[in-house]
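Below is one structure; the comments refer to it alone.
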2 protein chains.
Amino acid sequence: MPRTAPSPDAADTSLRQQVYASLREALTMGRFAPGQKVTFRYVAGVLGVSLTPVREALRRLVAEGAFEMNPNRSVRVPLMTRDKVLELRDIRIELEGLASAKAATAATRGQIADIRRAAREIMVARTRGDSATDRQKVREFHFAVYAAAGQPTLLRLIESLWLQTGPYMNLLYPGFISSSRGPAGRQRLIEALQARNPSVARREMADDIRRALSYVADLADENGNIAPAAPATVTRGHRPRAGAAAFDLHAN
Amino acid sequence: MPRTAPSPDAADTSLRQQVYASLREALTMGRFAPGQKVTFRYVAGVLGVSLTPVREALRRLVAEGAFEMNPNRSVRVPLMTRDKVLELRDIRIELEGLASAKAATAATRGQIADIRRAAREIMVARTRGDSATDRQKVREFHFAVYAAAGQPTLLRLIESLWLQTGPYMNLLYPGFISSSRGPAGRQRLIEALQARNPSVARREMADDIRRALSYVADLADENGNIAPAAPATVTRGHRPRAGAAAFDLHAN
DNA sequence: AATGCATTTTTGTGATCACAAATCCCGGTA
DNA sequence: TACCGGGATTTGTGATCACAAAAATGCATT
C-alpha cells in the first residue's frame, strides 16, 4: 500500500502532533483561505483541546513557513506573491530534482510499482474530471518518488515546501491541467527510474515543477499578488461558530 | 556592518525567541556534545525561565532537525553518521549553489564589498592560526553570499541545514583547512559574482561544500559513525550543576 | 558479585490562570 | 458622512500545577 506518512512522526500520539496533523491537512486541502486570521483559541475550540498543544503546533507551522505571524502577534495564512512563487519554484526544482535523481539510483522494484500505480490513478481521476482526487494522486505520485530516494532529511524539506505551495495548487485546475502535455512526462520519469538514469529523472521532474509553478506565477496581478483559489467550505467571517469545524482532529 | 541576523526573527523579544536563539548559538558553537541528553527542566533552570518557552523553542529545534527526540520522549543532540553527512552535503550543494547563482544576478556593490571583507578576514584569522575566528568568518562569508541572493525562504532553509552540520564543522580543523586550496576558490566566487556569472558562482560554491563535507564523511568509522569534535566546556556527566551554564540567555 | 523486581524520582504533556498588549467597538465631534 | 478617541474585549505569552509514563535507584535473591 502507498505510504504518505512523514518521516518519524508516526507513533506520536500526543495531542500536539494531532493538532499539527490536522492543521497541516487543512492547509493542504485548501480549507483555509489565504490571508485568513487563525487564532489559538479558535483552533483550540474547534479541536476541543487546550491552548498548550495548539500553541506548539501552530508555532511549528509558523517556523516552517506554512503560517506567518505578524510582529503584532497574529497568525494568518500567508498571502502569495509572484516573487514568492518563483522562489519556491526554483527551490523545489533543486530539491525535488535531487530527490528524483537519487530515486533513480535507489528505487526498489516495489517502489517503482507504487509510482506507476499512482501515475495510473492520476489518469483515471483526470478522465473522470475529478480534480480533488487528481490533486491527491498527483501528491501521492510525487511523494512516492521522493520516498524512493531514501533520504529522510530531504523528504522533510520537500514536505515543508509543499505545505507552502499547497494551498495554491488548486489554481492549476482546470486551465493548466488541460493544457499540460498529459502523462508523457510522468511516463518518461518512470522509465528513467527503471533505467537507473538519474539525470533524465531529474530533468523530467524539474520540467514538471517549472511548468506548473510558472503557470501559477503568471496568475499574479499587476501588484504581484496571486488571488487564492476558492477555499473549500470556509467562511471568511470573523467569528466562526463552534461546531462549524473547518477541520477536525480525526482526519488522520 | 555585516549582517548575520536571520530573516524575520529580529524584533521578537519573546522569551521563547531568546531561548531559541540561545540554544541555536550553543549548538552552532559546539557547546553541546553530540548524543548529550537535554531536558526541558535543565534548560529552563540554566536560563532561569519556566518550562513554557523552553518547550516551544526546543520543539522547534527538533522540527528543524537540530535536536532529535526519541520515541520514549527524550531530547538529545543528534549523532552524525556518514550517510547523514552525505545527504546533507548533496542538499547543501543544491541549495547553496542556487543561492550563489542568484547572488550573482542580484548582489549589490555593497553586498559584494561585505563578501570581500569576510574573505579577507578569513585569511587574517587563518594566518594567525585562530580557528575559532576562522570558523566564524567562514560562516559570515557564506551567509553574506546567501543574503545577497535576496531569497528569504531559501535563506531560512540554508540556516536550518547549517544548524545540523554546524556542530561537526570543527572536524575540519586543522586537517582539512591546511590541505585545502586556500582562498583561490573564494576569490573565483567573488569574481563570478562581480561578473554576474551565475553558473560559475554556483560551481565554486558547490565545489567548496563538496570538498568540506566529503572530508567529514570520510572521518566515519567502520560503522558509519562520526566522532564529534571535542565540545567546548561541556561535561558529559548526567546532572550538570546549576550555575555551570553551558549557554546563556544574553548571548544574542 | 550479578540479576530481577518493586519503589522512588525524573520528565514530558496538557490544562488553567494572570497579565499586558493589541484589537475592536461605539459614541461624539467636525 | 468621515474621522477620532477611550473603554471593553480579544489574544498571545509565560508561569504553575497535576498527572502518567519512563528512567533510575535500591534491595533482596541466587
Side-chain angles (χ1 to χ4, degrees), chain A residues 8-23 32 35-63 66-78 235-242 249-250, chain B residues 8-23 32 35-63 66-78 235-242 246 249-250 252:
Chain A
D9 288 345
D12 186 345
T13 63
S14 66
L15 271 183
R16 160 183 23 85
Q17 184 62 25
Q18 294 179 54
V19 172
Y20 175 78
S22 294
L23 289 170
F32 286 121
Q36 181 185 354
K37 191 166 69 176
V38 177
T39 69
F40 291 12
R41 283 174 174 85
Y42 166 62
V43 175
V46 170
L47 298 183
V49 298
S50 82
L51 284 179
T52 312
V54 172
R55 281 165 60 165
E56 296 186 12
L58 260 180
R59 203 147 272 304
R60 173 171 172 189
L61 287 163
V62 167
F67 289 95
E68 68 184 8
M69 180 154 238
N70 289 12
N72 39 339
R73 54 185 195 176
S74 82
V75 176
R76 50 180 60 245
V77 183
T235 59
R236 299 291 287 271
H238 299 175
R239 200 77 47 71
R241 256 187 314 284
L249 252 185
H250 46 79
Chain B
D9 289 346
D12 186 345
T13 64
S14 66
L15 272 182
R16 160 181 26 84
Q17 185 61 26
Q18 295 179 55
V19 173
Y20 175 77
S22 294
L23 289 170
F32 286 120
Q36 182 184 353
K37 191 167 68 176
V38 178
T39 69
F40 291 12
R41 283 173 173 87
Y42 166 63
V43 175
V46 170
L47 298 183
V49 297
S50 82
L51 284 180
T52 312
V54 172
R55 280 166 61 166
E56 296 186 11
L58 260 179
R59 204 146 272 302
R60 173 171 173 188
L61 287 163
V62 168
F67 288 95
E68 68 184 8
M69 179 155 240
N70 289 13
N72 39 339
R73 53 185 195 177
S74 82
V75 176
R76 50 180 60 243
V77 183
T235 58
R236 299 291 286 273
H238 301 173
R239 199 80 44 73
R241 258 187 312 283
L249 252 186
H250 46 79
N252 274 19

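These numbers were taken from a predicted model, which means no experiment stands behind them. Each chain gets a letter, A, B and so on, in the order the sequences are listed, and its residues count up from 1.
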Separation of atom CZ in R59(A) from atom C1' in dG12(D), rounded to whole Å: 8 Å
Can you identify which nucleotide, out of dT16(C), dA15(D), dT13(C), has its nearest atom closest to the L51(B) side chain? dT13(C)
Interatomic distance, R60(B) atom CZ to L58(B) atom CG [nearest 0.5 angstrom]: 12.0 Å
Measure the spacing between OG1 of T13(B) and CD of Q18(B) and express it to the nearest 0.5 Å. 7.0 Å
Side chain of R55(B): nearest nucleotide among dG14(C), dG12(C), dA15(D)? dG14(C)
Sorted by chain and residue number, the side chain to side chain donor-acceptor pair (under 3.5 Å) partners of R55(A) (sequence neighbours excluded) come out as E56(B)
Show me the protein contacts with nucleotides 19-23 of chain C, counting only N or O atoms at under 3.5 Å.
residue	atom	partner	partner atom	Å
dA21(C)	N3	R73(A)	NH2	3.2
dT23(C)	OP1	N72(A)	ND2	2.5

To the nearest angstrom, the CG-P distance between L58(B) and dG12(C) comes to 9 Å
Nearest heavy-atom contact between A57(B) and V19(B) is CB-CG1, 3.6 Å
Between P53(B) and T39(A), which has a closest nucleotide on DNA chain D that is more 5'? T39(A)
Under 4.0 angstrom, heavy atoms only, what part of the nucleic acid is R16(A) near: base, sugar-phosphate, or nothing? sugar-phosphate
L47(B) CG to dG14(D) C1': how many Å, rounded? 14 Å
Rounded to the Å, how far apart are R76(B) CZ and dG12(C) C1'? 15 Å
Report yes or no: does R76(B) contribute a side-chain atom to a donor-acceptor pair with the main-chain N or O of G35(B) at less than 3.5 Å? yes
Residue S50(B), side-chain heavy atoms: nucleotide from dT13(C), dG14(D), dG12(D) that is nearest: dG14(D)
Could you check how far CZ of F40(B) sits from C1' of dT16(D), rounded to whole Å? 17 Å
Specify the separation, in whole Å, of atom CD of Q18(B) and atom C1' of dT13(D). 13 Å
Would you say a side-chain N or O of T52(A) is under 4.0 Å from OP1 or OP2 of dG14(C)? no
Mind calculating the distance between CG (D12(A)) and C1' (dG12(C)) to the nearest angstrom? 11 Å
Test side chain to side chain contact (heavy atoms under 4.5 Å, CB included) applied to R59(A) and R16(B), step by step: CA-CA 11 Å; R59(A) 203 147 272 304; R16(B) 160 181 26 84; 3.1 Å; yes
Taking all non-hydrogen atoms of both residues, which atom of V75(B) and which atom of M69(B) are closest, and how far apart? CG2-CE, 3.3 Å
